[in-house]
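Note that the coordinates shown come from a computational prediction; the quantities given were computed from them, not determined experimentally. Every chain is numbered from 1 and lettered A, B, ... according to where its sequence line falls, protein lines coming before strand lines.
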Amino acid sequence: MHAAVLRWYDGAARDLPWRRPDASPWGVLVSEVMLQQTPVARVEPAWRAWMERWPTPADLASAPAADVLRAWDRLGYPRRALRLQDCARTIVAEHDGAVPVTEDELLTLPGVGAYTAAAVAAFAHGARAVVLDTNVRRVVGRALEGRALPPPTLGRAEQERAAGYVPADAATSVRWNVGVMELGALVCTARSPRCADCPLRSRCAWLAAGRPADEHAARRRTQAWHGTDRQVRGRIMAHLRALPGTPWATGRDLLTVGAGGADPAALPDPAQPGRALASLVADGLVVAAASADADLYRLP
DNA sequence: AAGGCGGGGAA
DNA sequence: TTCCCAGCCTT
């Protein structure tokens with residue numbers, strides 16, 4: 001199975017900039033943070049512009065946060081942009097400007113969780129690691145365990161099973177990790193897998209069983225979007241990013257923007273825009289003027 | 001273990 | 001419309 005995946009990857013891998021030999025460990029880390037819940041197609045141009053502007057942790061560490069949030073643009077979950085800058089500052093302050101090598105050290109960085117720590121250890125430093133993202137979980141779950149989709153939450157048992165599939169040799173493990181991930185992204189997709197093109201089709205437990213349905217379907221809940229606080233937060237952030245410079249905006253304007261241009265009082269939940277703005281301030285994505293009476297806000 | 005957190009494009 | 005995306009953090 002390892003050989004089949006490695007051979008397939010050699011012929012099918014996408015030429016992504018953070019996979020090239022000249023990509024720095026910092027470039028790999030930036031790509032992994034951007035790829036947390038944002039598809040490759042949207043990350044690639046943003047990553048190129050980002051790395052040209054801020055090639056090293058020190059460059060990002062010293063940038064104005066407002067510039068960082070504007071460069072993040074609409075990649076989504078803008079808290080990631082602030083965490084990435086915090087991460088850069090931590091690397092400068094505590095690691096002499098160099099991306100840490102061990103998973104334990106990587107895990108201490110802001111915005112770096114189990115997946116990202118493993119991915120950076122493997123893809124930036126060539127270490128053997130158990131890289132478990134949504135793609136790997138799906139491919140392993142199907143091919144080796146015969147399940148349509150992995151369980152909603154990653155448990156210890158699944159993690160230990162996956163660890164057992166990672167080749168012992170470091171160099172081979174890196175190719176396996178990226179190969180399985182790529183297979184999940186291009187062939188063994190969540191919705192409409194292209195089993196006819198899969199290098200594992202002859203030994204896939206899920207395919208052999210007749211592609212049984214997802215047993216966890218009832219427990220999966222897709223997040224609503226329209227009318228949520230997240231949508232309102234997104235409107236406010238988009239408005240502030242688009243303003244020239246970093247001027248103060250009135251709370252009244254921001255609440256109207258958050259309401260989609262309508263009178264907030266007319267919303268089903270009139271308190272929603274105010275709640276969203278307060279949460280943005282709590283997250284550090286928006287700064288409130290020192291005087292509470294001023295009712296003025298801007299990017300940090 | 002569960003819920004919050006963006007935004008776009010494919011199915 | 002619905003689903004899904006190289007998750008992380010807090011409770």
Subject >> For A:Val131 against A:Ala122, the heavy-atom pair lying closest together >> reply: CG2-CB, 4.1 Å

Original post:
Any side-chain N or O of A:Arg42 less than 4.0 Å from the OP1 or OP2 oxygen of B:dG9?
Top reply: no

**OP:** Verify the distance criterion only: is there a donor paired with an acceptor across the side chains of A:Arg233 and A:Thr228 at less than 3.5 Å?
**Re:** no

Subject >> Rounded interatomic separation in angstrom, taking CZ from A:Arg191 and P from B:dG9 >> reply: 16 Å

Original post:
Can you name the side-chain hydrogen bond (donor to acceptor under 3.5 Å, both in side chains) partners of A:Ser24, sequence neighbours left out?
Top reply: none

**OP:** Check the distance between B:dC5's P and A:Arg83's CZ and give it to me in whole angstrom.
**Re:** 12 Å

Subject >> Least distance between heavy atoms, A:Ala148 atom then A:Trp206 atom >> reply: CA-NE1, 3.4 Å

What pairs of donor and acceptor atoms, side-chain ones from residues 240-251 of chain A against any protein atom, are under 3.5 angstrom apart with sequence neighbours left out?
{"from": "A:Arg241", "atom 1": "NH1", "to": "A:Asp73", "atom 2": "O", "distance (Å)": "3.3"}
{"from": "A:Thr246", "atom 1": "OG1", "to": "A:Arg70", "atom 2": "NH2", "distance (Å)": "3.2"}
{"from": "A:Thr250", "atom 1": "OG1", "to": "A:Asp253", "atom 2": "N", "distance (Å)": "3.0"}
{"from": "A:Thr250", "atom 1": "OG1", "to": "A:Asp253", "atom 2": "OD2", "distance (Å)": "3.3"}

**OP:** Decide yes or no, distance alone: a donor-acceptor N/O pair under 3.5 angstrom between the base of B:dG6 and the side-chain of A:Arg230.
**Re:** yes

Subject >> Sorted by number, the residues of residues 119-141 of chain A with heavy-atom contact under 4.0 Å to DNA chain C >> reply: A:Asp133, A:Thr134, A:Asn135, A:Arg138

**OP:** List in numerical order all residues of residues 62-81 of chain A for which some heavy atom is under 4.0 Å away from an atom belonging to DNA chain C.
**Re:** none

Original post:
Checking salt bridge (Lys or Arg N to Asp or Glu O under 4.0 Å) for the pair A:Arg194/A:Asp197: CA distance, chi angles, key distance, verdict?
Top reply: CA-CA 6 Å; A:Arg194 300 162 50 192; A:Asp197 300 328; 3.0 Å; yes

**OP:** Mind checking A:Thr116 for me? I need base, sugar-phosphate or nothing, with any heavy atom below 4.0 Å counting as a touch.
**Re:** sugar-phosphate

**OP:** Report the residue (A:Tyr115 or A:Pro110) whose heavy-atom-nearest nucleotide on DNA chain C is the more 5′ of the two.
**Re:** A:Tyr115

Subject >> Interface residues of residues 19-38 of chain A with DNA chain C (non-hydrogen, below 4.0 angstrom) >> reply: A:Arg19, A:Glu32, A:Leu35, A:Gln36, A:Gln37

**OP:** Rounded to the nearest angstrom, tell me the gap between atom CD in A:Gln272 and atom P in B:dG4.
**Re:** 12 Å

Subject >> Toward the 5' end of DNA chain B, by each residue's nearest nucleotide, A:Gln231 or A:Arg219 >> reply: A:Arg219

**OP:** With the side chain counted from C-beta on, respond yes when A:Glu182 and A:Arg19 share a heavy-atom pair under 4.5 Å apart, and no when they do not.
**Re:** yes

Original post:
Rounding to the closest angstrom, what is the interatomic distance between C:dA6 and B:dC5 at atom P?
Top reply: 22 Å

Subject >> A:Trp50 side chain near A:Leu60 side chain, heavy-atom distance below 4.5 Å >> reply: yes

Original post:
Looking at side-chain heavy atoms only, is the closest gap between A:Leu183 and A:Pro199 below 4.5 Å?
Top reply: yes

Subject >> A:Arg147, CZ: over 12 other non-hydrogen atoms inside 6.0 angstrom >> reply: no

**OP:** Could you tell me whether A:Ala41 contacts a base, only the sugar-phosphate backbone, or nothing, with contacts defined as non-hydrogen atoms closer than 4.0 Å?
**Re:** nothing

**OP:** Evaluate whether atom CZ of A:Arg219 has more than 12 neighbouring non-hydrogen atoms of other residues, nucleotides or ligands under 6.0 angstrom away.
**Re:** no

Subject >> Nearest atoms (heavy-atom pairs only) where A:Ala4 meets A:Arg203 >> reply: CB-NH2, 4.0 Å

Original post:
Can a donor-acceptor pair be found between the side chains of A:Gln36 and A:Tyr115 at a distance below 3.5 Å?
Top reply: no

Original post:
Where is the tightest heavy-atom contact between A:Pro212 and A:Gly146, given as atom of each residue plus distance?
Top reply: CG-O, 3.9 Å

**OP:** Please list, in 5' to 3' order, the outermost nucleotides of DNA chain C lying under 4.0 Å from any heavy atom of chain A.
**Re:** C:dC3 to C:dC9

